Amino acid sequence: MKTVKRRAWLALLMVVVIASAALLLSRKPAPPQVITLPTGEQFQFIAAEWGTNEVQPSFAARLVARLPTSLAVFVMRKLGPRLGIVTLVGRPWYAMGQTPLKPPDPSLHFWFRCIQTNSVGPVDSFKFMLADDDGVIGGMGNGGWSSYGQGKNKWLTFTLPVAPRRCDTLQLVLFRADNQFNGPFHQIGTVRFPNPRFGHFPNWQPEPVPATKRAGDLQVRLTDFTVAAANSGNAIASINGKQTRFHPPAPGENQEAVFRLDIHSPRGTNEAWLVEPAELSDATGNRAQAAPCSRWSITDEYYLGPALWPDESAWRLTLTLRRCRGYDSEEVLTFTNVPVPAVGATNTFFQTNSVHGVPVLLKQEFIREPDRTPVVLRGSMSATHVVVELVNPPEGWVVDFVQLNADTGWRPKEWSNWQTANSAVVTLFSIPPDVRSLDLTWAVQKVRTVEFLVKPPKP
């Protein structure tokens with residue numbers, strides 16, 4: 001009896017295997033998708049992948065990429081051309097044999113392989129943009145494509161940072177620019193592919209605009225939100241009675257999120273606030289960030305990009321507000337009579353203060369270098385700079401450079417300053433020999449954060 005049952009199961013298994021094999025053999029492979037660039041070159045679409053992999057999608061390249069970096073470098077040196085590997089292997093964000101850099105954020109990577117090498121036109125007169133299954137285009141085109149190799153082993157690759165995630169099929173649309181990548185753009189090709197980020201996600205509910213929110217003691221009013229493209233040359237235009245550097249996007253133009261803010265402080269009008277950073281996100285995990293959020297010269301108009309997908313019910317606009325003028329007296333800290341160190345030397349000082357009841361510790365390093373001019377500052381050269389750092393700062397606290405005073409009354413004509421997450425730096429290209437000490441003033445503050453749920457403008 002057991003033998004009969006075993007034979008029956010084996011027969012059933014053979015039927016399933018034969019049927020599966022017949023089904024696979026009967027399927028015809030999808031025809032190759034080929035695009036023709038304005039250069040005349042033809043490329044076959046190979047893959048669209050989500051992640052950080054920047055190695056060409058060939059068996060040999062991906063196999064070598066799995067080896068330890070030193071071994072991968074050796075194989076590339078000896079056999080790379082024979083194996084047809086034209087991209088870096090190992091970890092592409094590493095400079096081979098040097099200190100590793102921060103890995104890039106995951107993006108949608110596209111790969112095309114050359115099948116026709118005729119080149120008759122400019123190489124920068126085209127761009128790709130992403131569309132959903134219905135052909136709705138959003139976001140930003142490829143900001144910087146790259147090519148590797150030559151002839152039939154030439155690869156074209158680029159990334160797009162945001163993508164729709166609610167549809168199972170996407171389209172990549174090829175545009176040609178009439179004027180060397182400056183538009184206007186005309187659609188000349190399309191590639192369809194399965195969405196590697198397809199999934200099911202919740203929906204957010206938008207709030208009406210204008211909208212007013214509190215950020216600490218600040219009143220922040222979002223007066224307008226739209227998606228637009230930058231005017232040529234960042235020119236100022238007047239639309240609906242408002243000055244703006246943007247216009248409704250035409251086909252093929254990069255799309256930015258553009259918004260206007262009214263920031264009111266109860267302490268008066270001598271304050272100025274920066275939006276630094278701003279982030280746009282959606283319920284599917286897409287996000288775009290600008291740090292600082294760009295404003296140009298129109299004081300209440302900000303933008304960041306790329307805009308996210310317009311089919312979402314809502315986008316979240318998260319703003320971090322940082323005071324840049326009109327500090328509270330408690331927020332201003334000065335290191336007085338700081339000796340100017342000899343060339344090649346450093347002095348370090350610490351200062352503890354209470355800012356609005358919160359203890360903060362500042363570490364200041366004055367690093368002296370030979371005098372330079374900004375014009376000749378090149379490569380590994382460094383200029384004299386002073387770094388102040390918040391040591392173990394409470395969450396949301398930052399430091400900024402305010403001013404510098406010398407014992408002789410000297411003020412630098414050329415200098416620069418910038419901020420990082422927990423520190424600020426001021427660079428001095430030269431210091432007169434009679435200057436013996438400096439007073440350095442910094443501002444320590446807690447940033448404000450506010451969020452708006454906005455309805456994406458429909459294309």
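Heavy-atom basis, side chains included; hydrogens, waters and symmetry copies ignored. Keep in mind that what you see is a predicted model, and the values were worked out from it rather than measured. Numbering of residues begins at 1 and proceeds along the displayed sequence.
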Relative to the ring of Phe259, is the ring of Tyr302 parallel (under 30°), tilted (30 to 60°) or perpendicular (over 60°)?
parallel
For a 4.5 angstrom cut-off between non-hydrogen side-chain atoms, does Pro310 reach Val227?
no
With heavy-atom distances below 4.5 Å as the criterion, would you say the side chains of Ile137 and Phe175 are in contact?
yes
Run the salt-bridge test on [X] and [Y] with the 4.0 Å N-O cut-off and return the result as yes or no.
X: Arg165; Y: Asp282; value: no
X: Lys242; Y: Glu301; value: no
X: Glu271; Y: Arg448; value: no

More than 12 heavy atoms of other residues, nucleotides or ligands under 6.0 Å from [atom1] of [X]: yes or no?
X: Asn392; atom1: CG; answer: no
X: Arg214; atom1: CZ; answer: yes
X: Lys458; atom1: NZ; answer: yes
X: Phe193; atom1: CZ; answer: yes

Only one of Glu279, Glu451, Glu207 passes salt bridge (charged side-chain N to carboxylate O under 4.0 Å, His left out) with Arg316; say which it is.
Glu451
Answer yes if the ring centres of Trp415 and Phe429 are under 6.0 angstrom apart, and no otherwise.
no
Single hit among Phe128, Trp155, Phe112 for ring pair (Phe, Tyr, Trp, His ring centres under 6.0 Å) with Phe45:
Phe112
Qualifying residue, where the test is ring pair (Phe, Tyr, Trp, His ring centres under 6.0 Å) with Phe158 and the options are Trp145, Phe110, Phe126:
Phe110
Could you tell me whether the side chains of His356 and Glu331 share a donor-acceptor contact shorter than 3.5 Å?
yes
